[in-house]
Amino acid sequence: MRIILLFLASFWISSSLFAQTDAEPALWSHEVNQISETEYELVFKGKIMDGWHVYSQYTAEGGSLPSEFTFEKAGEEYELIGRTEEGETIKEYSDIFEVEETFFKKEAIFIQKIKLLDPNVRQLSANLFYQICKEVCIPKDYLFQISLDGSAYVDEGKQLDERSLLINESLRVDIKNKALLNQGGIQDSEAKSNLWTIFGLGFLGGLIALLTPCVFPMIPLTVSFFTKHAQQKKHGVFNASLYGFFIVLIYFLLSLPFHLFDSVDSQILNTIATNVWLNVFFFVVFVVFAFSFFGYYELTLPSSWANKMDAASSKVGGALGIFFMALTLAIVSFSCTGPILGGLLGSTTLAAGNVATNLSSGMVGFGLALALPFGLFALFPTWLNSLPKSGGWMTTVKVVLGFLELALAFKFLSNADLVGHWGLLKREIFLAIWIVLFLLMTLYLFGLIRFSHDGPKAKISITRKFFGLLSLIFTTYLVLGLFNLTTLKLLSGFPPPDFYSVQQKESDCPLGLDCFKDFDDGVAHAKEVNKPILLDFTGWACVNCRKMEENVWSHPDIYQLLKNEYVLISLYVDDRKTLPKEEQFDFQFDSGRIKTIETIGQKWGTFQTINFNAASQPYYVLLSPDLELLNDAVQYVDVETYGQWLKSGLERHQLSMNRQ
């Protein structure tokens with residue numbers, strides 16, 4: 001029963017996880033109080049977000065993991081006086097672990113007294129390992145870098161040279177009226193609906209997976225097993241519904257490791273969309289998936305896994321046995337569901353918002369689509385008679401999925417090409433490859449080309465002809481886009497930007513606008529022409545940046561504002577082009593951590609973080625030539641909102657000019 005409770009608890013957390021943002025659930029700080037010449041009191045404070053809690057160092061054994069401090073060089077440079085004391089805690093009995101747990105809410109306070117063994121010691125560091133929980137527990141680490149005399153902590157392993165110090169100073173700009181950034185203002189409208197979009201994509205993927213030969217034949221067999229082996233019909237319906245519930249649970253649990261990765265570093269998963277070699281890796285993986293769908297080989301998990309799960313389901317029986325049955329289905333169907341899940345992972349890395357939360361949303365949608373038939377057909381068993389028979393149409397589904405996997409594979413290769421500036425997949429070449437892929441899919445659907453694992457040649461069904469016609473229409477749409485006869489707004493953000501072309505363009509800026517790709521150069525020009533600045537934090541592999549440029553910036557009214565009224569500064573935070581050796585430098589954060597800045601993207605990503613406390617793209621800021629904020633920052637918004645935002649900033653700039 002305890003195991004079942006753990007599974008149920010994991011499932012119930014999904015709704016709360018979906019509401020999370022990229023913000024840290026606990027913000028840490030420290031204070032130093034000098035007691036005597038050699039004794040100090042170190043106070044560590046954590047501000048904990050509502051709904052979360054952090055466990056005490058002294059919580060009961062057998063429950064959640066306690067917090068733990070590691071004081072570096074303790075016993076060498078200083079000694080600890082007594083144990084680490086704590087502020088106010090809460091005690092609560094855990095039904096799951098059956099122990100009384102001790103934890104902090106709202107604020108965690110730890111106090112440690114030390115005595116110097118070496119009077120010359122002026123700084124020390126302490127690492128805190130802790131669990132922060134909101135129904136689900138996430139392990140985290142935090143490094144406190146402490147200066148005893150109040151000066152800035154300096155990494156003793158690395159010192160900033162004079163040139164780096166000057167660049168550090170220049171990278172921090174004096175933004176006036178900065179309070180506007182904290183007023184909330186216009187929110188990212190895409191992020192609000194993004195979870196539902198990803199959920200819908202996952203649900204659609206699950207529906208497609210139902211039509212594959214790995215899953216479809218299992219529906220009548222499994223439903224019949226539950227309904228015929230139950231003493232009463234309601235027990236059969238309950239067991240089939242529980243089976244479906246466990247399918248949803250299993251696919252949700254598959255996304256939990258991504259939340260753990262994201263808790264270690266909120267940028268880990270976002271690098272999937274910008275790291276060159278990760279994108280190349282995904283390209284190779286999706287090509288492998290595609291050819292497995294074409295029937296050249298089969299991707300399967302070890303058969304011993306399925307055998308063990310099947311044996312466990314027979315042995316334990318009851319609810320836990322049904323769980324193992326669901327797990328067996330997930331394993332044996334991997335050859336069909338694995339590539340679809342890979343596509344789902346790809347779509348979450350290209351979408352706005354938190355990648356791990358997006359993936360959980362998509363996984364729940366996928367699992368729900370797979371699970372629904374088992375519950376519905378158990379409730380209405382006569383519907384089983386209306387199910388189409390298994391046959392060659394399922395092979396057709398797999399082949400079509402193979403072509404779609406190949407198309408997505410080239411999107412990842414395009415990301416790598418854009419970020420790495422290889423110049424291999426310019427917009428026209430990318431579109432030409434997609435045209436070939438969808439033309440081949442069209443020919444396949446009309447029966448003009450075949451694969452070795454296709455069954456005997458038969459008359460093409462109406463349904464297959466319909467999808468063949470849709471594929472032909474889409475191929476024609478791509479051809480029109482290749483020759484600039486349409487804008488391809490339906491694919492906004494997927495192909496490379498129009499300025500990344502085999503043809504020589506007058507401008508390498510979006511929509512042919514004039515733009516600066518260096519902040520100082522852009523500000524100097526703004527002062528010269530006395531125009532406000534649109535600061536655009538963007539990325540080569542940023543899909544939503546392309547959507548904004550192609551769908552919002554292209555609107556006539558907004559385009560005219562950008563062209564005539566603003567100085568555009570576009571800073572690409574994922575640009576992997578290496579800075580010239582003389583421009584590379586070491587940057588020291590407020591915490592004392594030192595980071596070597598070697599690429600253009602690292603420079604502008606650090607610039608965005610330290611000046612605007614943001615790390616997402618697109619991210620737009622309006623500034624006067626004197627670096628006064630003219631409005632709050634916005635991200636992905638609609639045409640009307642963006643237009644009003646630009647006009648409001650322009651009005652504030654003009655009022656400021658009139659006052660001068």
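Every value quoted in this text rests on a predicted model; they were computed, and no experiment measured them. Heavy atoms only: backbone and side chains are in, while hydrogens, waters and symmetry mates are out.
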Centroid separation Phe104 to Trp52 less than 6.0 Å
no
By the definition side-chain contact (heavy atoms from CB on, under 4.5 Å), identify the one residue from Asn611, Asn177, Leu535, Val523 that meets it with Leu627.
Val523
Would Val621 and Asp632 count as a side chain to side chain contact (heavy atoms under 4.5 Å, CB included) here? Give the steps.
CA-CA 7 Å; Val621 181; Asp632 53 342; over 6 Å; no
Rounded to the nearest 0.5 Å, the CG atom of Leu480 sits from the CG atom of Leu488 at a distance of 8.5 Å
Please find out if less than 6.0 Å separates the ring center of Tyr130 from that of Tyr142.
no
Flag the pair Phe438 / Leu404 as yes when at least one side-chain heavy-atom distance between them is below 4.5 Å, and no otherwise.
yes
Atom CD of Gln560: over 12 foreign heavy atoms under 6.0 Å:
yes
Whether the side chain of Tyr566 engages the backbone of Leu650 through a donor-acceptor N/O pair (distance < 3.5 Å, no angle test) should be reported.
yes
Is there a side-chain contact between Ile558 and Trp645, using heavy atoms and a 4.5 Å cut-off?
no
Kindly check if the number of other-residue, nucleotide or ligand heavy atoms within 6.0 Å of CD (Glu640) is above 12?
no
Does a side-chain heavy-atom distance below 4.5 Å link Asp638 with Val552?
no
With a 4.5 Å cut-off on side-chain heavy atoms, are Leu165 and Phe585 touching?
no
Are there more than 12 heavy atoms of other residues, nucleotides or ligands under 6.0 Å from atom CD of Glu582?
yes
Distance col, row Leu630:CG vs Lys176:NZ, nearest 0.5 angstrom, shows 11.5 Å
Ignoring hydrogens, what is the shortest heavy-atom contact between Thr487 and Arg427? Give both atom names and the distance.
O-NH2, 4.3 Å
For Glu598, is there any backbone N or O sitting under 3.5 Å from a side-chain donor or acceptor partner on Gln602?
yes
On a heavy-atom basis, which atom in Leu42 and which in Leu124 lie closest, and how many Å separate them?
CD1-CD1, 4.1 Å
Taking Lys603 as the fixed residue, which of Val573, Asp518, Ile167, Leu571 is the one that meets the side-chain contact (heavy atoms from CB on, under 4.5 Å) rule?
Asp518
Contacts of His525 meeting ring pair (Phe, Tyr, Trp, His ring centres under 6.0 Å) (sequence neighbours excluded), chain-then-number -> Phe516
Ser554 side chain to Glu550 backbone, donor-acceptor under 3.5 Å:
yes
Measure up the Trp434 and Phe474 rings against each other and bin them: parallel (under 30°), tilted (30 to 60°), perpendicular (over 60°).
tilted
Taking Val637's backbone N and O only, do any of them form a donor-acceptor pair with Thr641's side chain (distance below 3.5 Å, no angle check)?
no
Is it the case that the side chains of Asn168 and Ser170 hold a donor-acceptor pair, with the cut-off being a distance below 3.5 Å and no angle test?
no
Just wondering, are more than 12 heavy atoms of other shown residues or ligands nearer than 6.0 Å to NZ in Lys426?
yes
For Trp28 and Phe144, take the angle between the two ring planes, folded into 0 to 90°, and tell me which bin it lands in: parallel under 30, tilted 30 to 60, perpendicular over 60.
perpendicular
Between the side chains of Asp586 and Ser164, is a donor N or O closer than 3.5 angstrom to an acceptor N or O?
no
How far apart are the closest heavy atoms of Arg576 and Thr599, and which atoms are they?
O-CG2, 3.9 Å
Do the charged groups of Asp575 and Lys517 touch, with an N to O distance under 4.0 Å?
no
Are Leu128 and Phe44 close enough, and set up right, to give a side chain to side chain contact (heavy atoms under 4.5 Å, CB included), and what steps lead you there?
CA-CA 10 Å; Leu128 170 63; Phe44 308 99; over 6 Å; no
Applying side chain to side chain contact (heavy atoms under 4.5 Å, CB included) to Ile429 and Val502, what does each step give before you reach the verdict?
CA-CA 8 Å; Ile429 296 173; Val502 295; 4.3 Å; yes
How close do Pro625 and Ile533 get, heavy atom to heavy atom, and via which atoms?
CA-CD1, 4.3 Å
Do you know which two heavy atoms are closest between Phe430 and Pro495, and how far apart they sit?
CE2-CA, 3.7 Å
Asp514 CG: over 12 foreign heavy atoms closer than 6.0 Å:
no
Partner of Tyr572 under ring-ring contact (aromatic ring centres under 6.0 Å, His included), picked from Phe537, Phe519, Trp540, is Trp540
Let's go through Lys106 and Ile48 carefully: what are the C-alpha distance in whole Å and the side-chain angles of both, what is the deciding distance for side chain to side chain contact (heavy atoms under 4.5 Å, CB included) to 0.1 Å, and is it a yes or a no?
CA-CA 5 Å; Lys106 302 291 185 182; Ile48 305 170; 5.7 Å; no
Please work out which of the three classes, parallel, tilted or perpendicular, describes the rings of Phe607 and Phe612, given edges at 30° and 60°.
perpendicular
Is Glu31 paired with Lys45 through a side-chain N to carboxylate O contact shorter than 4.0 Å?
yes
Test item: side-chain donor near acceptor, Asp417 and Tyr500, under 3.5 Å
yes
Are Gln584 and Thr578 side-chain neighbours, meaning at least one heavy-atom pair lies under 4.5 Å?
yes
Looking at OH of Tyr477 and CD1 of Ile473, how far apart are the two atoms once the value is rounded to the nearest 0.5 Å?
13.0 Å
Salt bridge Lys105-Asp50, side-chain N to carboxylate O under 4.0 Å
no
Single hit among Asn551, Asp498, Thr538 for side-chain hydrogen bond (donor to acceptor under 3.5 Å, both in side chains) with Arg546
Thr538
Between the CG atom in Leu491 and the CG atom in Leu431, the distance rounded to the nearest 0.5 Å is 8.0 Å
Between Glu428 and Ser501, does any side-chain donor sit less than 3.5 Å from a side-chain acceptor?
yes
Check: Tyr642 ring centroid to Tyr620 ring centroid under 6.0 Å
yes
Side chains of Leu568 and Asp536, heavy atoms from C-beta outward: is any pair under 4.5 Å?
yes
Minimum heavy-atom distance Pro618-Cys545, with the two atoms named
N-SG, 3.6 Å
